[in-house]
Undergrad: 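First, the structure itself, so that you have it in front of you.
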Protein chains: 2
Amino acid sequence: MNNRAPTVAQLRAFAALAEKLHFRDAAAELGMSQPALSGAVAALEETLGTRLVERTTRHVLLTRSGEAVAQRARAVLAGVEELAEAAQTTGRPFTGDLHLGVIPTVAPYLLPALLRPLKARYPELELILHEEQTATILDGLVSGRLDLAVLATPVEGTGMTGLALYDEDFMLVYPGDDPGAPRGPVALTALRELPVLVMEEGHCLRDQTLEVCQEAGRDGLASTRAASLATLVQLVAGGLGVTLLPSTAAAVEARPGSGLGATRFRDPAPGRSILLVHRSSSPRAAEFEQLARTMREAVKAHRMPVRLPAEA
Amino acid sequence: MNNRAPTVAQLRAFAALAEKLHFRDAAAELGMSQPALSGAVAALEETLGTRLVERTTRHVLLTRSGEAVAQRARAVLAGVEELAEAAQTTGRPFTGDLHLGVIPTVAPYLLPALLRPLKARYPELELILHEEQTATILDGLVSGRLDLAVLATPVEGTGMTGLALYDEDFMLVYPGDDPGAPRGPVALTALRELPVLVMEEGHCLRDQTLEVCQEAGRDGLASTRAASLATLVQLVAGGLGVTLLPSTAAAVEARPGSGLGATRFRDPAPGRSILLVHRSSSPRAAEFEQLARTMREAVKAHRMPVRLPAEA
DNA sequence: GGATCGTGATAGGAGTTACCTATGAATAAC
DNA sequence: GTTATTCATAGGTAACTCCTATCACGATCC
């Protein structure tokens, strides 16, 4: 007794036979020999445990089971066809949903430059934004919840590939009416004398700021911690201290009339690199590289205060 | 390049993997080895021309195509399952539609005896009646429009199998007020002197009557031809002649008070056999034989004026 | 009525496929 | 560094599918 499931080939064979009601013609249409079709149909009958066709040298008739099976076989074959087509369609690059994670200290300054050009160039791409902290984003990438992410160095996740988008320097941001405001680039060591405010835990900008401070020889920090970059800026404006902001953020937050001032550091200025990150195992690596190129072009076109990688 | 269609086994393999997201576990559930599953999924990807899963030693993730394909694969597999089940269900004997052809000179006298017992015994059987002439019925059997038929001998169709239901004698039917009405069984030769009315062409009763008349030594016939048996009876009642009717019909049409008389012929009396006919190639032969037995029982229970085959 | 044509089933053999066991490569976790 | 877990690969065997050639049966034709 054949105990296995029907085969697509068998269903295809039977469907053709059900349509033509003639073994030779059906076999010819399928591009197979008549005995092969005969065997396939016989195997299907064996599998299903029912006679599907009444064969005579005179005529081929479908049994009741045959009628029922033929109908469903057509449906199944259509489903397989649709499946094959869906596999192609869904896999097309630059189409469909793309879940993009972006860290909060980059999102508000980068996305305005990106969204319009991306939509223009890839109209079928549905960008779904997730503004989350680095750890959450990495977890999302690993689990498949996210396809792609914009993160800042260092990225410590394993199995991740980062494509350089741009580098940005940190700038010193201080209250706009500060009488001791610097008039030119300042040395990193200036941080030793200043009350540096940072964001709360979890934000990578916090860790980056701490690292810079440590490098500058500063130990303690003001205890106040801002939950968001907007709050941090308000604290500085309120005179509670200074802070470090990436140039893209500083350009916006310390713009003329904002009540804040910003100045660069002397070379070598501290900074961070912004990367487009995806799972190394992703089959869409090529697509993402192309996407990174487009993003760099958009950044350049938007005249963001950053350094682009050499190639761009 | 693999150019063929996906296999049910491949879809099953991929569906299991999509559910478990773990090659070993999925393979175990399918009762196959992990390499076999690995190969099956790889083959499916090759066939579809798309990466379906992102594999790492750490995790297995579905690509977008993978998600789409998994969903449709489940649908296809459900369809196959349903198909297999439908094949069983539809093939069950004594269930579903059964197209039964019955000749007009039998239908009104046999069916009252059959329908109730059949419905009682086979409640799931849907008898669909087709009252047609022999030639049409045979054509219907050959083409598959009909599954089964009640015909009278001789049946000349090839590839048909006839199961004897009963034999019925022909009776001489005459006007009830005929002064020369016979008082007992008459000889066949009596037909020579009588104006025998027959039905129009196509009815097998006409051919049978003609044959009996020829045997009796009668040549010409009255030119009037009745389109139906009811008409024929009216013609006889109107005094236009006599006719031959099978005993089952005569018992009804020449019943007391009908204005008609009927008498038997002396042995060997002419008659005809009623058969249950199906295509010899039908896989339902056994079912039909059982049906024939039930019909004979019903005929017997209904006390129809016929002779049943010896076995019954 | 015998020969011929057309039908589907069967036989034998070649090519391919699918599977299993054993092993390899890569990555986490300790 | 070592171990454990994961999926991929290799080699060999068993099974399947398909093809060509032929058979058996029935209808048709001369």
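Reminder, nothing fancy here: chain letters follow the sequence lines and each chain counts from 1. Quick note: numbers below take in every heavy atom, side chains included, and nothing from hydrogens, waters or symmetry partners.
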Undergrad: If you measure from the Lys or Arg side-chain nitrogens to the Asp or Glu carboxylate oxygens, is any gap between B:Arg279 and A:Glu54 under 4.0 Å?
TA: yes

Undergrad: Apply side-chain contact (heavy atoms from CB on, under 4.5 Å) to A:Gln290 and list each qualifying residue two or more places apart in sequence or on a separate chain.
TA: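 Result, side-chain contact (heavy atoms from CB on, under 4.5 Å) vs A:Gln290: A:Phe94, A:Arg121, A:Tyr122, A:Arg293, A:Thr294.
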
Undergrad: Could you verify whether a donor N or O on one side chain and an acceptor N or O on the other, from B:Ser280 and B:Thr161, lie under 3.5 Å apart?
TA: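 Per modelled atom types, B:Ser280 and B:Thr161 side chains form a pair under 3.5 Å.
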
Undergrad: I'd like to know whether CD of B:Glu200 has more than 12 heavy-atom contacts from other residues, nucleotides or ligands below 6.0 angstrom.
TA: yes

Undergrad: So does B:Arg272 pair up with B:Glu168, basic N to acidic O under 4.0 Å?
TA: yes

Undergrad: Quick one, which residues of residues 11-34 of chain B touch DNA chain C with a heavy atom under 4.0 Å?
TA: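 DNA chain C contact set from residues 11-34 of chain B: B:Gly31, B:Met32, B:Ser33.
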
Undergrad: Once you round it to whole Å, what is the distance between P of D:dC16 and CD of A:Glu46?
TA: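 The distance from CD of A:Glu46 to P of D:dC16 comes to 11 Å, rounded to the nearest Å.
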
Undergrad: Here's a test for you: under side chain to side chain contact (heavy atoms under 4.5 Å, CB included), which of A:Leu291, A:Leu98, A:Leu148 qualifies with A:Arg284?
TA: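 By the side chain to side chain contact (heavy atoms under 4.5 Å, CB included) criterion, A:Arg284 pairs with just one of A:Leu291, A:Leu98, A:Leu148: A:Leu98.
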
Undergrad: Between the side chains of A:Arg55 and A:Glu45, is the shortest nitrogen-to-carboxylate-oxygen separation below 4.0 Å, so that they form an ion pair?
TA: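 Judged by the 4.0 Å cut-off on N to carboxylate O distance, A:Glu45 and A:Arg55 do form a salt bridge.
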
Undergrad: For B:Glu211, look at atom CD and say whether over 12 heavy atoms of other residues, nucleotides or ligands are found less than 6.0 Å away.
TA: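 No.
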
Undergrad: Please enumerate all residues that pass side-chain contact (heavy atoms from CB on, under 4.5 Å) together with A:Ser33, with sequence neighbours excluded.
TA: A:Pro35, A:Ala36

Undergrad: Figure out the CG/P separation between A:Leu37 and D:dC16, and round it to whole Å.
TA: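 That distance rounds to 19 Å.
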
Undergrad: Closer than 4.0 angstrom, basic N to acidic O: yes or no for A:Arg72 and B:Glu85?
TA: no

Undergrad: State, to 0.1 Å, how close A:Leu62 and A:Ala18 come at their nearest heavy-atom pair, and which atoms those are.
TA: CD1-CB, 3.8 Å

Undergrad: To the nearest Å, how far apart are B:Gln10 CD and D:dC16 C1'?
TA: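 Distance, rounded to whole Å: 15 Å.
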
Undergrad: Write out a two-atom table: protein N or O, nucleotide N or O from nucleotides 24-30 of chain D, distance below 3.5 Å.
TA:
residue	atom	partner	partner atom	Å
D:dA27	OP1	B:Thr158	OG1	2.7

Undergrad: Through what angle, rounded to 10 degrees, does the axis of the helix from C:dG1-D:dC30 to C:dC30-D:dG1 turn between its ends, using five pairs per end?
TA: 20°

Undergrad: What integer distance in Å separates A:Leu61:CG from C:dT7:P?
TA: 15 Å

Undergrad: Please give me the minimum heavy-atom distance between A:Arg92 and B:Arg64, naming the atom from each residue.
TA: O-NH2, 3.1 Å

Undergrad: Grab the two heavy atoms, one from A:Ala292 and one from A:Leu165, that are nearest each other, plus how far apart they are.
TA: O-CD2, 3.9 Å

Undergrad: Polar atom pairs between nucleotides 11-14 of chain C and protein, under 3.5 Å, N or O only, would you list them?
TA:
none

